[in-house]
Structure formats: structure tokens, C-alpha cells
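Chain letters run A, B, ... following the sequence lines, proteins first, then strands; residues in each count from 1.
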Amino acid sequence: MRSFATVKKTRQLNHDTFLLCLKSEKIASCAEAGQFVNLKCCDGLDAYLRRPISIHSVNRECNTFDIVFQVRGKGTSLLSRIRPGDEIDVIGPLGRGFTLDHSHRHIVVAGGGIGIFPLFQLLKDHTAAKKTAVLGFRSKDFVVLEDEFKKHSTELLIATDDGSYGIKGFVTDVLEKIIQKEKPDMVYFCGPEVMMKTGVKLLQKYNIPCEVSLEQRMGCGIGACLVCVCKTRKDNDWDYSRICADGPVFKGEDIIFD
Amino acid sequence: MRSFATVKKTRQLNHDTFLLCLKSEKIASCAEAGQFVNLKCCDGLDAYLRRPISIHSVNRECNTFDIVFQVRGKGTSLLSRIRPGDEIDVIGPLGRGFTLDHSHRHIVVAGGGIGIFPLFQLLKDHTAAKKTAVLGFRSKDFVVLEDEFKKHSTELLIATDDGSYGIKGFVTDVLEKIIQKEKPDMVYFCGPEVMMKTGVKLLQKYNIPCEVSLEQRMGCGIGACLVCVCKTRKDNDWDYSRICADGPVFKGEDIIFD
Amino acid sequence: MKKNINLEVNIAGLSLKNPVIAASGTFGFGREYSKFFDLNLLGGISVKGLTLKPRKGNPPPRIAETPGGILNSVGLQNPGVHAFIENEIPFLRQYNTAIIANASGNTVEEYVEMTEILSDADIDAIELNLSCPNVKEGCMTFGSSSRGVLEVVNKVKKVARKPLIVKLTPNVTDIVEIAKAAEDAGADAVSLINTLLGMAIDVKTRRPILANITGGLSGPCVKPIALRMVYQVSQSVKIPVIGMGGISNGIDAVEFFLAGASAVMVGTAGFVNPMAWVETVEGIKEYMTENGIEDVKELTGGLIAD
Amino acid sequence: MKKNINLEVNIAGLSLKNPVIAASGTFGFGREYSKFFDLNLLGGISVKGLTLKPRKGNPPPRIAETPGGILNSVGLQNPGVHAFIENEIPFLRQYNTAIIANASGNTVEEYVEMTEILSDADIDAIELNLSCPNVKEGCMTFGSSSRGVLEVVNKVKKVARKPLIVKLTPNVTDIVEIAKAAEDAGADAVSLINTLLGMAIDVKTRRPILANITGGLSGPCVKPIALRMVYQVSQSVKIPVIGMGGISNGIDAVEFFLAGASAVMVGTAGFVNPMAWVETVEGIKEYMTENGIEDVKELTGGLIAD
Ligand SMILES: Cc1cc2nc3c(=O)[nH]c(=O)nc-3n(C[C@H](O)[C@H](O)[C@H](O)COP(=O)(O)OP(=O)(O)OC[C@H]3O[C@@H](n4cnc5c(N)ncnc54)[C@H](O)[C@@H]3O)c2cc1C
Ligand SMILES: Cc1cc2nc3c(=O)[nH]c(=O)nc-3n(C[C@H](O)[C@H](O)[C@H](O)COP(=O)(O)OP(=O)(O)OC[C@H]3O[C@@H](n4cnc5c(N)ncnc54)[C@H](O)[C@@H]3O)c2cc1C
Ligand SMILES: Cc1cc2nc3c(=O)[nH]c(=O)nc-3n(C[C@H](O)[C@H](O)[C@H](O)COP(=O)(O)O)c2cc1C
Ligand SMILES: Cc1cc2nc3c(=O)[nH]c(=O)nc-3n(C[C@H](O)[C@H](O)[C@H](O)COP(=O)(O)O)c2cc1C
Ligand code: FES
Ligand code: FES
């Protein structure tokens, strides 16, 4: 599960978002939508821990996969300086990805910020006739990968917080309008916690199943250290589940948002 | 005193010895033989402290200076991977260099291992009619910069511990033979402590003045932290002197070797 | 020319095929890392810290990166000692590696009860955790005074029918005094160090990064402190010392042996390099080969300090 | 739009133009770094640890690099308090920056005598070093128990005619208890942390890297421990806390303010970046500007921890 992936291509998508295309047969051959990799951003002690980044897209013919990330701190900043030909120490694919039910005819993916990236491979893999993508960004400057998402969805709606591009408002507002027009079979969420919390509540109102992809600071990334937990329902009680191993994708109804 | 020097040239001299030519007007314009620079081998926490490296050669016309180093550990290993065009964070020139008395007509420089490097600029700068260089190496494979030293000395003698090149034996043995033939005015030592200890004792026997260049693990490199000390004579007692600021070059008679 | 290298060590009745043990809390119950390497390669596994009843642990975030290390505030999330015996021992027993049960209690009685239960279980040793900085009750309270250590270890020792390792906290004025108390009370070995209590703050949110505010520091940054404590303790007790704190490779491990450790545990380094545990075994072998040392026990306490 | 930023702080009668002080032992008596930047830019300078008589200190090597930090074992090499007064104060007084005399004694009497001498000298405050891990006598012995701290500080306070800062060691079980003892005994402020006792070993020579065997750990690696201690102490005492341990820039300093520090000291980071002291001042200003904070005092204790 640990391998050294060669960087085939790097692409800067906007001021702080980068795409890396990595070659690794091990990972590309079995990665599923919604899974992630845990990678070293540099040798040595700076950015000591690995950083979890979702698998954005898989190219099984070329044995490559893409990751897309925003520069947040030390690790992602070092990662943004990596060049084609460099090698990255990667563990993956990790975690439980999205559940694809190919009997579904209409699915919606709803993503916000860095949450949109794992939804891409899901759109590529799903066979539903209708695939709606609702992507939320802070403002126009943050909109990325619009064409790519358009290509793999039947409908693409973009929302920005300030209305500087697409629809003004939240992803969940847009989602509710979609539902009111036509109830989808399934919704997939990935984004800020508040978006997913509102989203799950919304879907429960309409009785639509959904999955959410969660994030948490990680240690091992493989389920051994128990640092990356989220609250999940368990019988009449609750428990902490490991986002890295039991998730990152969970059924919406299983998560207890605080 | 702190500057960012641009790497103009790198040259691998043998399996573990590297020369870097660095451009810095600040340093090249005032560096003296025997002084050193204190440099960061990398950004960040790996090899956290600066590393002291002697100034090997100064080119005042080109505003460059050369350093030569052996790969010992983490820091020098990172340094060996630096490429032309890179910038290095350097503090220098630091410390008290060699004393050049141009009334001297015959000087000897006696160096061992990495101790030979600071002696080079001394040979270049000194105006003595006769400049003998005695350089000691572990074995043939470690011999470096022979031509360069030959160019700037009137006589070059190389000694190796195993006799695989030049004279078999220690630098101090060769030195004694030189002295027995003709007493030099001054001897400059730089090398392993045991060599300098023996050397200083030898010269006292023959009543010849000498200077030694010492090494010690350093912190600040400028005299503030007091970690880099050596024992020096003081009146009828002794004291700890700072190698980085009071040295690295001391009068042979001032040092108390343990 | 190749010499035979003996890595076996025997620590107070616990025999290990090599002196590298996975540190408690960093290796779960072995299942996850068994996908990365053959657990048979390890000297032993100290399992995730157990309590009498299942524990949920602290709220997330539970980890923060710090210069050269990490803080964690897991707070002993675990399924309880009974679930461990039922579900995890059978898995671990498939492998030829020592099983060390790391046990924490809220009260002396709980420590005693757990020791009784674990003495009947199919494990190889008990590691009494008197040092978890992430739970409010018990544990650290007992571990930070020699009186507390004496009391718990004395009572536990009476019922223990497995080799008893006492794990010490570094958050004390005088670790030697604490180690001696453990020895006096009958500990068969001591292991050290657990994590150092620390904290990280996010200036953007002005909040602590860990929901629990403070957490335990581990990783390379603590190695100098751990080495010093292992050195001091091993000079002062006769029982074997198991050293840990920031070990990432064979060289680090050799440093601990020289300081006086008979075996080592590796934890945090495995998060960064999942092969750290096996590479540590390999690295020790390499050092021994290069230095003509045939038996790893020769390294223990081999520091030249004059 | 640019707001006025107030960096002034007043710590127990010691007024500082900004809250960044050079940490004792890392800045000599200011001469060396005065070649790198204008000492007027500093809030204050805590000078190299002084003793009554000149001290030679420990044999070299006195420094070892460790992951994310350093160990030092200087052992209080200094020219003695009299030479300091004669030779160094006149130099330092050329600058408009507070002079803090860091003082260590072998006995209570020595602490008292030094305080008397320093109270007559032209300095701004006394920092009582009860925490040097590198000397065998006094110091750490006093600083590691609340009884010891009470005794020394009580007696010193009686003769002190300058603001009295007590510098605490982190090598204790309960730093809060020690800080409270200092407060009870009349300390005007506490500063923490001094270095953590550690050790480094060279596996090639099988010897400790430091001639003194052990040394004091400082630098980025200790920051989480220092932050935690500053947080705990500032929650428990009313006197101001001066925070230090691994601060390298303005963001690090802000973390200490949020945790409860009224001022900070910067040490080890300056070895790597000789501009670290002034860059820390600049970085604090930047953070304040970006976050609309006008007075640095607003940051102190501003951690949101619920
Ligand atoms: C399963 C998973 C998938 C992810 N996929 C992506 C992705 O596809 N693209 C992307 O840009 N980012 C993704 N992230 C987030 C990414 O891991 C963090 O942005 C990254 O670790 C920050 O590292 P840094 O060193 O740059 O920042 P740091 O300096 O470590 O921290 C900067 C900020 O980032 C946040 N952060 C730090 N670590 C994490 C973490 N493990 N999870 C969430 N937030 C964190 C904190 O709020 C912190 O304030 C994912 C996270 C998880 C858990
Ligand atoms: C004034 C001065 C001038 C020097 N000039 C040169 C030079 O021109 N060329 C050259 O190759 N080397 C020179 N050195 C030695 C050089 O500084 C060390 O080899 C280097 O710091 C090792 O760093 P590292 O990270 O590679 O090794 P580390 O991993 O830090 O240590 C490896 C080994 O190097 C030795 N070492 C570490 N730090 C020092 C130090 N500060 N001084 C001496 N030995 C040390 C130790 O024995 C250690 O075991 C000089 C040292 C001093 C003090
Ligand atoms: C995430 C995490 C969880 C831990 N849980 C436990 C535990 O349950 N019981 C215990 O005795 N030690 C626990 N520890 C401490 C380690 O076993 C070890 O003592 C410490 O991390 C130092 O070693 P290292 O630097 O190699 O990690 C934990 C450490 C980490 C990082
Ligand atoms: C080389 C060195 C010498 C020191 N000498 C003293 C001293 O004389 N008196 C003192 O109180 N602290 C001394 N200290 C401790 C520092 O003042 C400071 O408390 C500690 O280094 C932590 O801060 P830092 O991580 O910013 O260096 C010394 C530290 C170093 C690194
Ligand atoms: S990161 Fe270790 S369990 Fe999830
Ligand atoms: S290295 Fe700081 S005084 Fe020499």
C-alpha cells in the first residue's frame, strides 16, 4: 500500500489550487471514488506527518491518478513546489469510498471548496442517466475545474457565497431547489462540515439517502491510531468511528454532527 | 554579515568531498585566510543549526569565494546536493584568521584531512619566498586539490597514513624532517587535534612560532552563546576561549590541548 | 565472514525474538499494519491501551503536528479488556510475536481487576500504563508520585501472573525515584517514556488545536529527553528498561541500548513510515554487523561516559 | 486605515517598549548581535547567566543538534557579576532597551548577595535563574521544589530593589505549584521555560555528544511543552508570565500571548536566524495589523478554550 509515485504532470488551477498527476500502478489499478491517499510532502521533519488528499480522478489505462489540493499550510505549500519527475511517498488507496448503486437513475453530487475534488471520480464512475453536480465556491476566483465537471455531469450548477459567479448562495439552497423539482435517488456530499450538516438534515426531510465524506486531522491514516474520529450513531448510543478507515465516506444518517 | 550567496559552481573532488563556489560581494570583499562562514544547509528543521565551513579560497575580482567540505552527516550531505543557481544563507566572514607576517621568508602550512582547506587562501595571500605545504590524507583516495596547492606553494609534500600516496606517515613527521633541514619562520596548522597537539609540541622544541586553527561544534558562530570553547592559557591559569570569535586561529602556545 | 547475529532478549521472563516492540496506542491491535508487513518480524506488540470498560476517548481533533513531533489526545479509546481478549488475542496469536497488554485504570481496584483478568488471558506480559496524560482520572495521578506508583504496583504485583512492565511518565521532577518505586513494588521491568504533556494553538482561530486543549508529545523531538531518562533510570534500577520516545530507525534504537535499554518500542515514527518498525530491526542488525557485535545484549548500557 | 499599534508592556514595574526579550545565555551581553541589528529594536535583553564569582563552565563539546532543537551544556560560563557591572552595563546602556540581569547562585546566600549587588547596579530587572540544568550545585535543586523556590525567593525579595522575575525549570512534575510558590514568596513575575534536561549519543564513538553527558534542550521542539506550561501557570498565578521555549517568529510569540504570556523571550532561534529577535517583533505587529488588534496586551490570555 506504500509506494513511490512519480509526478507526471503538475497544473496550477488558480492562485492556491494545484493538480498533480501521479503514476502508480498499485494505486491507479484499484482506487475507488471517494478514497484518499496519505502522502509525505517532503523528506524529513518539516511537515513531519503525512497529509491526506482525496483521489480526484483515476486513469486506469495510464496507471495514473490525479489529486487536487489547496495550499493551506506548510505541507501543501511544499507539495505545490513538486515538479514533474519527482517522486512522492504515497500510501493508498485508503478508506471507504462512495457507494455506487447503478440502479439509481438520478444522483446529485454536492461539494464545497476542497470537497469537490473527490466527487469527480464518482461522477466519472457512476452510470446513472442523470448526474447533477452542485459545486460551491467562496467567490469567482476560487472556481476551478468547471469544464471537467461539466463533461462528466448532465447538469452543473455553481454557487458562490458572494454571487460573483453562478448562483449566489449555498450549495444546500441550490440542492433544495433541485429536489423540489425532481427528487434524486441519491445525494453525495463533500465539503465544509456545516454544509454537510445542513445537507443531511435537508435530505432527511425529503427522505432521500445520502453519503457524506468527512475530514479530520490524521495520524496513521490507516485505522491504527484512533486520532481521526467522528461521532457516529450506534444502536441507541453513539461511538467514535475512524474517518480514515471506517470512512471518509459515511451514510449521512450515521453521522452525528455537533 | 548575513547574506544570501548564489552558488556559481559546484565540483565534486572525490567520493565525499565537494567544492562550492559562492558569489557574495560582502564576503569576498573582506574575507581573510583562516576565517569561516556559518551556513544553513537547508531550510527548516533538518540540519537545524548552521554549519561552520572554512573559506578555502577568495576571488576578489569575481566577488566569489570557495568552500570545500567533506560529507560527514545530515548537514554536509544536504549541502552536497546544492546546485548552481541555488542560494545559500551564509553568515560571514567570521572569526580571527591567520596572522600573515610578510617579513617571514619561509613558512610551512601543515594540514590534515578537512584541515587543509583553510590553508589554501593563506598560501595564496602570503608573500614569503618559500612556502612549503605538508598535507596529510588518510590514503590515496582522499587526496584532493593537489595541483591547486602545488600552484601556490614552492614545495608540496603529501603524506598518507598508509603510504598509498606520497610519503607514508604523519604530517608532523614530515614537518620535523623539514625543520631539521631548514628552520622555517612560521608554521600554520589545521587538522585533527592530535596532529596539532604533536605539532605545537614539536615546534616548541625547535622554538618556532606557530598558529593553529581549531574546530568545535558551534551554536551562534559569532561569540554570543559560548558553546564552542577551547582551553587557552591565561596568566598562570587557563580560561575557555570561543573558537568562533577568539579563533578559530590561535597562537600555538596559547592552546592547552587535553 | 558473516557473523551470526543474536537479537533475542529476555526481559523479566518475557522472551522476545528481537528487541523491537510496537508502542502502545500507535499500532492498534496489529490488524492495520499487518497489511504492510509480516507481524512475525516484530519482537512484540504492546496493544492499544486497555481499560476495564470500553472507553470512547476524547473529542476530535485529537492530533496536532508540532516541530519534529506530534501531540495526541486520544484519551484511551478502546473496546475494553474483555472485547480485547475475545476479539483481538485470537488474531494476534496467529503470529509469533509477544503480546503485551497495556492496561490503565481509574482506581487501584481497577488496575488490580484488570491484572487478574489479563493474567488469565493468552498474553505474554502486562504493561501497566501509569502515565497517560490524556485522561483526567487515575493513570497520571498514580504515575507522578513514587507513593502512587508504590501503591498501585504493590497491589497489582500480588495478583499478576504475567511479567509486569510498568510504564512511566516523563512529566515528573525525578523519574529515577519513580522507577525505583516501581522496582521496589515488584515491577519486572519499566518502560519509558510515555508522552510529554504539551499544547498547540491555532492563531487564526485563537483556539487550541486539540479539542482536549492539551495532549501528549511524541516523535523525534522528544528523543533527547527520553534518552536522558532511560540513561538515568537504567543506572539506578536493576530491572530491565524498555526505552522509547522518538525512535525512527536502528541508529536511534542503538542510542537507547547504549543508554541502558534492553529493548525498545517504536510508535509515532510508524505513522510517517509504516515500515519503521521492521526497518528498526534491520537497522540494529546492520549496526551490529558493521561493528562486529554478535549479541544485541552487548549493546545495553554500553555507553562510554567518563 | 492603518491603526496605531501599541507594543508596550509593563511587567511588574519593568516597562518594555515591546514584548520581545533576548533570552539569557543566547545573546551574550548584546555585543555580538549588535553587529546584526540595532539593539534599540528589542524590548529587553536578559544577559548571559551571572554568578557571584567568574565561572569557567563545562568542558566542550557543549552543544548537540537534536531533531528540531539543540542541547547545550555551557554551565554558566560568565565573568561574574562584578565584571558584568563594570564592563557590560555601560555598553548596554547605550541602547534604549531594558537590561535584565539573569542571576544564579550555589547557595541561598549567594542569591541574596547577588541580588543586593544587582539592586545597586544600573539594570532594569533581575531574573533569578532557579533552573539551570547544567550545573551541579544550587540552581535546579532550588528550582525543582516549591519549598526550595519559596526559601530562595523569600530571602531574595527582602533585599531586591528591582523588579524580580523568577525563571522556572520545566523539569518538574507540577510547574503550577512551583510558580505559585514563587508568587507567594513575592516574585514580581515568572519566566518560563528554561531548558529540558536531555542527552544525545554518538553511536560511532558510543559516547555522549556532550562532554557533560546531559544538557538542556531548547528550540522549536520544546514549544508544545513550553506553551502548555505557560498556559497552566498563567491560569494559576496573578503575576505576569514571560513565555519562552522554541519561539522563532511572530506567530510563535502570539501563541504564547494567547496562552497567557505578557512578554516573550527568544533564544535558540537566533542562532539559526540572527534576525529572529527583530523579525519576531515585526511578526507580532503584522499579526496585530491583520487582525485589527491595537494593543498587544489584548492578546495575553486570549485563548478561546471551551
Ligand atoms: C480524507 C481527507 C481528504 C482530503 N482531501 C483533500 C483534497 O482532496 N484536497 C485538499 O486540498 N485538501 C484535502 N484534505 C485536507 C488536507 O489534508 C489539508 O488541507 C492538509 O493536510 C493541510 O496540510 P498543511 O500542512 O498544508 O496545513 P497545516 O499547516 O497542517 O494546517 C493548515 C490548516 O489546514 C487544516 N488541516 C490540517 N490538517 C488537516 C487534515 N488532516 N484534515 C483537514 N484539515 C486539516 C487545519 O484547519 C489547519 O488550520 C483532505 C483531508 C482529509 C482528512
Ligand atoms: C571553524 C570551522 C571550520 C570548518 N571548516 C570545514 C571545512 O572547511 N570543510 C569541512 O569539510 N568541514 C569543516 N568544518 C567541520 C564541519 O563544520 C562539520 O563537518 C559539519 O558541521 C558537519 O555537519 P553534518 O551535519 O554533516 O554532520 P553532523 O551530522 O552534525 O555530525 C557528523 C560529525 O561531524 C562532526 N561535527 C559536527 N559538527 C561539527 C562542528 N561544528 N565542528 C567540527 N566537527 C563537527 C562530529 O564529529 C560529528 O560526529 C569546520 C568546522 C569548524 C568549527
Ligand atoms: C496516538 C498515540 C496513542 C497512544 N496511546 C497510548 C496508550 O494507549 N497507552 C500507552 O501506554 N501509551 C500510549 N501512547 C504513548 C506511546 O506508546 C509512546 O510511549 C510515546 O508515543 C513515545 O514513543 P514514540 O515517540 O515512538 O511515539 C500513545 C502515543 C500516541 C502517539
Ligand atoms: C546556549 C544556551 C545558554 C543558555 N544559558 C542560560 C543562562 O545562562 N541562564 C538562563 O536562565 N537560561 C539560559 N538558557 C535558556 C534560555 O534562556 C531559554 O530559557 C531556553 O533556551 C528556551 O528558549 P529557546 O527555545 O528560545 O532557546 C540558555 C540556553 C541556551 C541555548
Ligand atoms: S489516522 Fe490513525 S486511525 Fe485514522
Ligand atoms: S558558537 Fe556561539 S560562541 Fe562560538
Side-chain angles (χ1 to χ4, degrees), chain B residues 1-4 26 38-52 72-76 78 89-95 193 214-232 234-235 237-247 255-258, chain D residues 22-37 45 47-49 54-79 134 200 202 204 209-211 215 218-221 246 248 267-276:
Chain B
M1 266 200 301
R2 183 197 189 193
S3 55
F4 290 86
K26 271 198 204 169
N38 208 9
L39 51 81
K40 270 295 276 176
C41 299
C42 66
D43 284 345
L45 297 181
D46 301 304
Y48 177 64
L49 286 173
R50 288 171 183 272
R51 300 295 194 264
R72 284 283 184 85
K74 221 173 4 169
T76 44
L78 287 163
D89 175 354
V90 193
I91 297 180
L94 295 172
E193 194 163 311
L214 301 185
E215 273 188 26
Q216 187 49 269
R217 289 171 183 263
M218 291 188 176
C220 68
I222 63 164
C225 73
L226 308 181
V227 305
C228 65
V229 296
C230 63
K231 269 190 187 172
T232 52
K234 194 193 173 189
D235 310 323
D237 193 11
W238 62 272
D239 213 348
Y240 279 129
S241 295
R242 302 161 305 176
I243 291 179
C244 69
D246 305 318
I255 299 298
I256 305 173
F257 293 100
D258 280 316
Chain D
S24 176
T26 64
F27 206 75
F29 300 106
R31 289 182 195 272
E32 292 79 13
Y33 284 106
S34 72
K35 290 170 202 150
F36 286 84
F37 59 85
I45 295 171
V47 300
K48 175 62 207 170
R55 256 187 86 95
K56 291 196 160 76
N58 292 321
R62 291 177 172 181
I63 190 168
E65 188 176 281
T66 66
I70 65 168
L71 289 167
N72 90 81
S73 58
V74 172
L76 293 179
Q77 175 177 342
N78 81 96
N134 292 323
D202 183 339
K204 282 193 219 98
I209 294 182
L210 301 173
S218 63
C221 61
S248 308
T268 305
F271 300 167
V272 178
N273 172 12
M275 301 306 284

Does any N or O in the side chain of B:Lys234 come within less than 3.5 Å of the main-chain N or O of B:Ser241, such that one atom is a donor and the other an acceptor? no

Is chain B contacted by the side chain of [X], its backbone, both, or neither, given a heavy-atom distance below 4.5 Å?
| X | value |
| --- | --- |
| D:Pro59 | both |
| D:Ala211 | neither |
| D:Ile63 | both |

Can you tell me how far apart [atom1] ([X]) and [atom2] ([Y]) are? Round to the nearest 0.5 Å.
| X | Y | atom1 | atom2 | result |
| --- | --- | --- | --- | --- |
| B:Thr232 | B:Arg242 | OG1 | CZ | 10.5 Å |
| D:Ile209 | D:Glu65 | CD1 | CD | 9.5 Å |
| B:Lys26 | B:Arg2 | NZ | CZ | 9.5 Å |

Classify the angle between the aromatic ring planes of D:Phe36 and D:Tyr33 as parallel (below 30°), tilted (30 to 60°) or perpendicular (above 60°). tilted

Which one of B:Leu45, B:Asn38, B:Leu226 has the most heavy-atom pairs closer than 4.5 Å to chain D? B:Leu226

Region of B:Lys231 that comes under 4.5 Å of a non-hydrogen atom in chain D: neither

